[in-house]
Number of protein chains: 2
Amino acid sequence: MDDVDRQLLVLLQQDASRPYAALGQAVGLSAGATHERVRKLRERGVIRRTAVDVDPAAIGRGVLAFVMVDSTKWVGDSGDQFAAIPEIQEAHVIAGSASVLVKVRTSTKEQLQDVLRRMYAIEGVSGTQATVVLETLFERPVTP
Amino acid sequence: MDDVDRQLLVLLQQDASRPYAALGQAVGLSAGATHERVRKLRERGVIRRTAVDVDPAAIGRGVLAFVMVDSTKWVGDSGDQFAAIPEIQEAHVIAGSASVLVKVRTSTKEQLQDVLRRMYAIEGVSGTQATVVLETLFERPVTP
DNA sequence: AAACTATGCAGAATGACATTCGATAGATCA
DNA sequence: TGATCTATCGAATGTCATTCTGCATAGTTT
């Protein structure tokens with residue numbers, strides 16, 4: 001994992017549809033060598049997959065909120081329960097007063113409310129504290 | 001934006017390297033028609049880009065935290081200031097007691113502390129409230 | 001209702017590109 | 001020094017994206 005690998009990751013995070021020849025030119029390698037580098041990054045699990053980036057607003061997910069979930073018992077093993085709610089995009093076990101933090105995307109505030117309702121149905125969940133996003137300043141890939 | 005489009009988005013979010021012929025077979029279309037569908041999804045901005053997904057831990061970003069930022073003045077226009085800190089992956093203006101919520105990925109807790117220090121240097125920032133993630137249950141694309 | 005128009009699809013043709021391979025140069029180790 | 005291993009280049013090959021033509025369907029106008 002040298003500097004060339006890091007450069008390649010940055011470029012591929014911006015646009016993974018670029019030909020290997022162009023990628024190689026950007027980092028000073030041939031297409032073949034570039035291909036081999038990227039193949040190994042995949043093999044090592046540094047690159048997990050190639051995927052399209054979808055605009056949430058364009059598919060009716062214009063409302064974003066973060067929700068702190070309080071619980072009376074351990075819910076760290078209830079990942080599947082949270083995953084069963086499709087509007088939840090991320091779920092993390094956290095340190096601090098709450099026990100789980102989830103990122104929710106819905107179409108409307110009413111739907112957000114409904115998601116909260118469904119979270120209360122999860123065993124051990126005793127409270128929620130929702131923070132609605134007014135404006136997203138930026139969302140970007142992690143820089144290597 | 002019909003059901004076939006939604007299916008295509010799901011498939012492309014899972015794996016955008018699949019050939020159009022295979023994609024088409026999955027949704028019951030020819031390769032040419034599938035290509036046309038995807039082209040239009042890009043044109044409309046539903047698909048923003050194609051990018052690789054990088055494992056944060058593999059590039060030395062194993063520590064994840066969410067930070068609520070308090071301020072004494074309006075920092076909603078300071079997006080560039082937050083963006084200048086590379087460890088910040090997302091920044092959102094929020095409703096509620098704090099004014100900005102950021103998602104931070106660092107290598108160590110010490111580096112997290114340093115990020116907090118740099119955030120205090122931003123004009124108007126008066127306090128931070130960091131929540132460290134112990135375990136990420138899941139992170140997934142938005143489902144159309 | 002008939003004609004017209006627009007849209008979406010299938011299937012084939014073309015060219016770009018990914019992928020593979022052999023050869024070479026440099027690096028590491030004994 | 002010799003041997004082994006790794007990374008690279010450049011070329012060969014096949015796959016696949018992309019484009020185009022023709023057709024069918026649905027919607028619109030007269």
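Atoms considered below: every heavy atom in the structure, side chains included; atoms not considered: hydrogens, waters and symmetry mates.
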If you take the centroid of each ring, where Trp contributes its six-membered ring, are H92(A) and F138(B) closer together than 6.0 Å?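 F138(B) vs H92(A): aromatic centres not under 6.0 Å.
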Consider the side chain of H35(B), meaning its heavy atoms from C-beta on, and name the nucleotide among dT18(D), dA7(D), dT20(C) that approaches it most closely.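 Nearest listed nucleotide: dT18(D).
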Let's see if you can work this out: which of dT8(D), dG8(C), dA10(C) has an atom nearest to the side-chain heavy atoms of A33(B)?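 The closest nucleotide is dA10(C).
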Around atom CD of E139(A), are there more than 12 heavy atoms from other residues, nucleotides or ligands closer than 6.0 Å?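 Check passes, neighbour count above 12.
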Interatomic distance where [atom1] belongs to [X] and [atom2] belongs to [N] [whole Å]:
| X | N | atom1 | atom2 | answer |
| --- | --- | --- | --- | --- |
| E43(A) | dT6(D) | CD | C1' | 14 Å |
| R39(B) | dT7(C) | CZ | P | 12 Å |
| E36(B) | dA10(C) | CD | P | 12 Å |

Sugar-phosphate only, base, or nothing, as touched by R37(B) at under 4.0 Å among non-hydrogen atoms: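 It contacts sugar-phosphate atoms only.
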Closest approach of T136(A) to V133(A) (non-hydrogen atoms, all atoms of both residues):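 What the structure gives for the nearest pair is OG1-CG1, 3.8 Å.
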Could you tell me whether [X] and [Y] make a salt bridge, using a distance below 4.0 angstrom between a side-chain N and a carboxylate O?
| X | Y | answer |
| --- | --- | --- |
| E36(A) | R39(A) | yes |
| R37(B) | D2(B) | yes |
| R49(B) | D15(A) | no |

Mind listing the residues from residues 5-32 of chain B sitting with a heavy atom below 4.0 Å of DNA chain D? Number order is fine.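 Here the set is R18(B), P19(B), Y20(B).
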Side-chain donor/acceptor of T143(B) to backbone N/O of V10(B), under 3.5 Å: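 Judged by distance alone, no pair lies under 3.5 Å.
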Please list, chain by chain and in numerical order, all residues satisfying side chain to side chain donor-acceptor pair (under 3.5 Å) with R42(B), sequence neighbours excluded.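 Expected list: T50(B).
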Return the angle between end axes of the helix from dA1(C)-dT30(D) to dA30(C)-dT1(D), with five pairs used per end and rounding to 10°.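 Result, rounded to 10 degrees: 40°.
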Measuring to OP1 and OP2 of dT6(D), would you say a side-chain N or O of K40(A) lies under 4.0 angstrom away?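 Checking K40(A) against dT6(D): no side-chain N or O falls below 4.0 Å of OP1 or OP2.
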